[in-house]
Every structure is written in structure tokens, then in C-alpha cells.
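Just below is one structure, and these are the notes that go with it.
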Amino acid sequence: MQIYINNLTFAYGIKTVINNLSITLNQGDYLVVKGKNGTGKTTFIKCLLGVNEVKPGTIFYDKTDITNFKKWTTFGYVSQSLDNFNYEFPITVLELLNVSSTKGTMPQDRLKLLDKMKIFDIQNQNINSLSGGQLQRVFIVRAMLNNPKILILDEPTASIDKQNKEFFYQTVDDLNKNGITVILITHSDELEHLNYTHTLTMYDDYTNSFSIRNEGGEA
Amino acid sequence: MFLSFITDLFQQDFMLRALAAGFMLGILAPLLGSIVVVRRLSFIADTLGHFSLVGISVSLFLSSLGFSYFFEKPLYLGIIFSVIGGLLIEFFRRAYTNYKEISMVIVISLGAALSAIFFALASKTGSLYQYLFGSILTVTSYYIYLIFITLFIVSVLFIVFGKQIIAVSFDETSAKFLGINVGLFQIIFMIMLSIVVSVLLEAAGVLLISSMMVIPVAAGMRIGWSYKSTTIISIIFSELSVLVGLWMAYSLTIPSGAAIVSINISILLIVALTKKIINMRRITKIDNAKLK
């Protein structure tokens with residue numbers, strides 16, 4: 001699926017947070033969105049997910065305007081904070097994954113993903129007994145459950161330790177190699193180990209720059 | 001006392017009706033209550049109850065104008081008004097997205113005000129007391145029929161859409177990526193809840209409906225290890241309190257809602273205390289092991 005964003009601008013009241021942002025991504029691209037805290041990264045994601053109304057500017061998925069876009073099941077999303085999730089009520093990892101899977105996904109796929117993310121052993125544990133890192137990986141599994149074409153990860157490694165971080169980035173690389181478009185938001189500058197294809201940098205003054213990675217003669 | 005309760009239970013028609021009603025409500029209340037708790041809407045049942053009371057007061061007002069049908073079956077208008085209240089809450093929730101509780105305050109106040117006005121206008125007020133605190137011992141067969149239909153519809157909805165209901169309740173944002181129409185879901189859930197609340201009103205009373213829905217779940221959450229186990233435990237606690245509450249209401253001639261809720265709270269306290277003692281013992285055991 002092609003993502004085509006043209007002159008996106010977004011403001012909270014009179015405070016403009018995103019200024020004339022234009023990018024085009026093709027299926028299989030890997031975009032890193034970087035910038036300090038408060039530069040509008042999450043706001044940008046909310047625009048992409050149709051939570052924030054895009055005005056002025058346009059976002060097209062393939063040839064469909066975002067306001068008419070219906071195929072949200074092709075997206076996988078891991079949010080920055082777990083605030084949106086009501087995790088104090090008992091529910092096991094497997095129960096959560098079962099209710100989060102759409103028709104056509106097989107139970108063994110869930111187990112495979114849990115195994116891949118190295119959290120197979122905690123499948124019958126109550127969500128609220130997990131550590132931040134385990135919980136984050138459960139949410140990553142949930143985002144990948146329904147074979148998304150586009151995976152959006154908002155600071156997904158915030159509560160993961162170094163070792164798991166490397167493992168996580170490796171997993172994202174593998175998914176990307178299999179043709180999934182990845183949009184990864186980070187405020188860290190350590191990007192050498194990532195195999196991204198594009199970067200979008202968001203600055204303190206709410207301007208932004210989009211660039212294609214230029215490495216070893218690649219265009 | 002208990003023996004005469006048991007014999008009356010199976011000999012008196014009104015006791016059998018109370019038992020049947022209690023049994024079905026004992027399932028309905030925590031089944032929906034668990035979703036209400038997950039979605040952090042515990043006050044919603046109270047709010048809807050107040051709006052349902054508007055329907056009942058309007059029924060009594062209409063019957064004093066000569067429409068006696070409404071006096072005999074006030075629950076119909078109760079259900080309709082409760083649904084209106086539910087839709088109003090959803091409307092205000094969307095207007096104040098970051099302060100969702102405001103919507104409850106607006107609707108609960110409107111409900112209380114309108115009920116008071118129509119009760120004052122009606123010449124026959126029936127037993128207001130009964131609607132405030134519940135009277136499961138006086139339920140009619142039409143009421144049993146109504147609960148049965150409600151339980152049937154809710155069960156079917158849970159069997160067919162259970163997955164989606166749970167997914168949206170835990171995480172509204174992500175539900176969109178499962179292809180769930182969250183807005184539509186919320187409206188359907190609100191209508192379902194409004195109907196259940198009105199049906200509970202007769203047995204529990206306006207002031208105690210939310211307790212019947214939330215307290216067994218609060219106790220279940222303390223010991224449940226999964227969503228399924230928590231719901232099942234809540235239903236068991238709920239049934240237990242309905243049964244013991246029924247006995248108390250019968251033998252002490254006190255309002256059934258009050259009796260059921262007292263037992264509910266007793267169970268919650270016992271569960272919370274027991275859990276605390278077990279945890280403390282576990283900690284001392286670990287400490288002792290460390291000392292050795």
C-alpha cells in the first residue's frame with residue numbers, strides 16, 4: 001500500500017505542531033520518525049491513524065483519501081504509552097490475543113508469534129502481572145497478529161532493556177524484509193543498527209525534513 | 001427460620017418467582033458489570049437507573065391522567081427512558097472526551113430532577129420506596145418474562161460478539177485495527193446496558209443497581225486470574241448474594257436490594273481480607289526463608 005502525504009499541517013488551537021509535511025512511502029519502506037519529545041511525532045501518528053483530523057493537507061492510502069479509508073485492519077499499531085489499555089482487570093496474554101485476532105488467523109500463528117518474541121512461557125499469565133518490557137512485547141505481538149501491511153510503532157522500546165531492544169529491532173527488520181511497511185517513532189539518535197530506508201526529522205520549531213537514506217551509493 | 005424459608009420457597013408462588021428473577025439477575029448483573037468495570041463506567045448504572053426512574057414516574061403520571069396501563073406496567077417506559085439516558089451519556093461523552101465523567105453528572109441530575117417533577121405531578125405514586133430500594137419478593141410473572149427475554153438477548157449478543165465486546169472494552173484505540181466500528185459498538189452496548197439496568201430496577205432499586213453490577217465483579221477481580229475466571233467467580237458471588245439476600249429480605253422483611261447488596265459487600269470484605277492475610281503469610285514465609 002502506498003502512503004502519500006501532501007502538505008499536512010496540524011494545530012492544537014493556534015499552536016501549529018506539524019507544518020507542511022509531505023512524504024511518499026511505498027510498500028516495504030522503513031521510515032524512522034525522529035525528534036525530541038514534544039516535536040509532534042505522536043501527533044503525526046495520530047493523523048496517520050485517522051484520530052486527528054487532517055486539515056489542511058491530504059493523506060492518501062493507495063488512492064483512497066484517509067477520510068474515506070476503511071481498511072484499518074491492514075494496520076498494526078503499538079502506542080507509546082499503555083494509557084489507552086485498561087490493564088488492571090484480569091485477562092491473560094492468550095485471552096487478549098484471542099479477542100484481538102480477526103477471522104482467518106489461526107491459533108498456532110499466535111503461538112508462533114509469542115515464541116518469536118520470546119514470551120511463549122507467559123501466555124497464561126495475567127496481563128497485570130507482567131513487567132513493562134513483557135507487556136510491550138505482548139502489544140507488539142498483538143499488532144502483528146492479523147498480518148498487517150503497515151506496522152506503526154510509537155517509541156516501542158521505551159521500557160525494554162538493551163538486549164531485548166536489539167532483538168526487537170532484528171524482528172522489525174525481518175518483518176520489513178518480508179514486505180511490511182514499517183514506521184518507527186523514536187527520540188533516540190542511535191539509528192546505526194536500524195535498516196531504515198527513509199527518515200523524517202521533526203524539529204523544535206515544528207519544521208520537518210524528509211530524506212531517503214543514502215548509503216553506499218544507493219539512491 | 002431457614003427451614004420455613006426453604007419450604008415457602010417451593011410452596012409459595014411469589015417465592016418461586018422471586019427465586020427465578022433473582023437467579024437470572026444474578027447472571028445478568030455481573031456479566032454486564034464486568035464490561036462496565038473494564039471500561040471504567042461504574043457510575044453509569046446509577047446514572048441509567050435515575051433515568052429509568054424518570055420513565056417510571058412518567059408512567060405513574062400518565063396513569064393519574066387515566067392511562068391505567070402504565071400503572072400496571074411502568075417498566076416499559078422505564079426501559080425507553082433508560083435507553084434515552086444511555087444515548088444522552090454517549091452524546092455528552094463525545095462532547096467532553098477528556099472529562100467523560102461530566103456526562104454522567106449531567107444525565108444523573110437531569111434524571112433525578114425529572115423523576116421528582118413527575119412523581120410530584122402524579123396523584124398515585126405507587127410505592128416510591130419500592131423503586132428506590134427494590135422488592136424482588138413482589139415481582140409479577142410479566143416481569144419474569146421480561147428478565148428472561150433480556151437474559152436471552154444479552155447471552156446471544158455475548159456469544160456472537162463477545163470477542164469484539166471484550167476487545168473494545170480493554171482498548172478502544174486498537175479496536176479500530178480489528179475492523180470494529182467502535183462508535184456503533186458503544187451505542188449498542190449503551191442500549192443493552194440501559195435495558196438491563198431498567199430490568200434490575202425492580203429487584204435492586206435505583207439506588208442499588210450499580211452495586212449489584214459492580215461489587216461482585218470487584219470481589220471477583222481480587223481472585224480471578226483471567227477474564228473468564230473473573231467473570232465466573234463474579235457470577236457465583238452474585239448468585240450467592242441473591243440467594244442469601246432473598247432469605248434475609250423474606251425473614252427480616254427488609255427491602256431485597258438492600259439485603260442483596262449487604263451480602264455482596266460482606267463477600268467483598270471477606271475476599272479482600274482473606275487475600276491480604278494470605279499475602280502477608282506468603283511474605284513472612286519468604287522473609288523466614290531468607291533469614292535461614
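Just so it is clear: chains get the letters A, B, ... in the order the sequence lines come, proteins before strands, and each one is counted from 1.
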Part of [X] within contact of chain B (heavy atom distance under 4.5 Å):
| X | value |
| --- | --- |
| A:N98 | backbone |
| A:L49 | both |
| A:S101 | both |

For [X] and [Y], test the side chains for any donor-to-acceptor distance below 3.5 angstrom and give the result as yes or no.
| X | Y | answer |
| --- | --- | --- |
| A:Y12 | A:T43 | yes |
| A:T58 | A:D65 | no |
| A:D29 | A:T181 | no |
| A:D62 | A:T64 | no |
| A:Q134 | A:Q125 | no |

Side-chain contact test, heavy atoms from C-beta onward, threshold under 4.5 Å: evaluate it for [X] versus [Y] and give yes or no.
| X | Y | answer |
| --- | --- | --- |
| A:I59 | A:C47 | yes |
| B:V196 | B:V154 | yes |
| A:I18 | A:Y206 | no |

Item to check | Centroid-centroid distance, B:F161 to B:F189, less than 6.0 Å | outcome: no
Checklist entry - Under 6.0 Å between ring centres, would you say that holds for A:H198 and A:F210? => result yes
Residue pair [X] / [Y]: nearest heavy atoms and the distance that separates them:
| X | Y | result |
| --- | --- | --- |
| A:Q123 | A:T92 | O-CB, 4.0 Å |
| B:F43 | B:M104 | C-SD, 4.2 Å |
| A:L184 | A:Y169 | CD2-CE2, 3.8 Å |
| B:A21 | B:I147 | CB-CD1, 3.6 Å |
| B:L25 | B:L200 | CD2-CD2, 3.7 Å |
| B:L208 | B:G257 | CD1-C, 3.4 Å |

Item to check | Among B:V107, B:L88, B:V197, the one residue meeting side chain to side chain contact (heavy atoms under 4.5 Å, CB included) with B:T47 | outcome: B:V107
Listed by residue number, which members of [range] have a heavy atom under 4.5 Å from any heavy atom of chain A?
| range | result |
| --- | --- |
| residues 30-42 of chain B | B:S34, B:V37, B:V38, B:R39, B:R40 |
| residues 211-221 of chain B | B:V217, B:M221 |
| residues 226-236 of chain B | B:S226, B:Y227, B:K228, B:T230 |
| residues 268-282 of chain B | none |

Item to check | A:R142 and B:D171 ion-paired at < 4.0 Å | outcome: yes
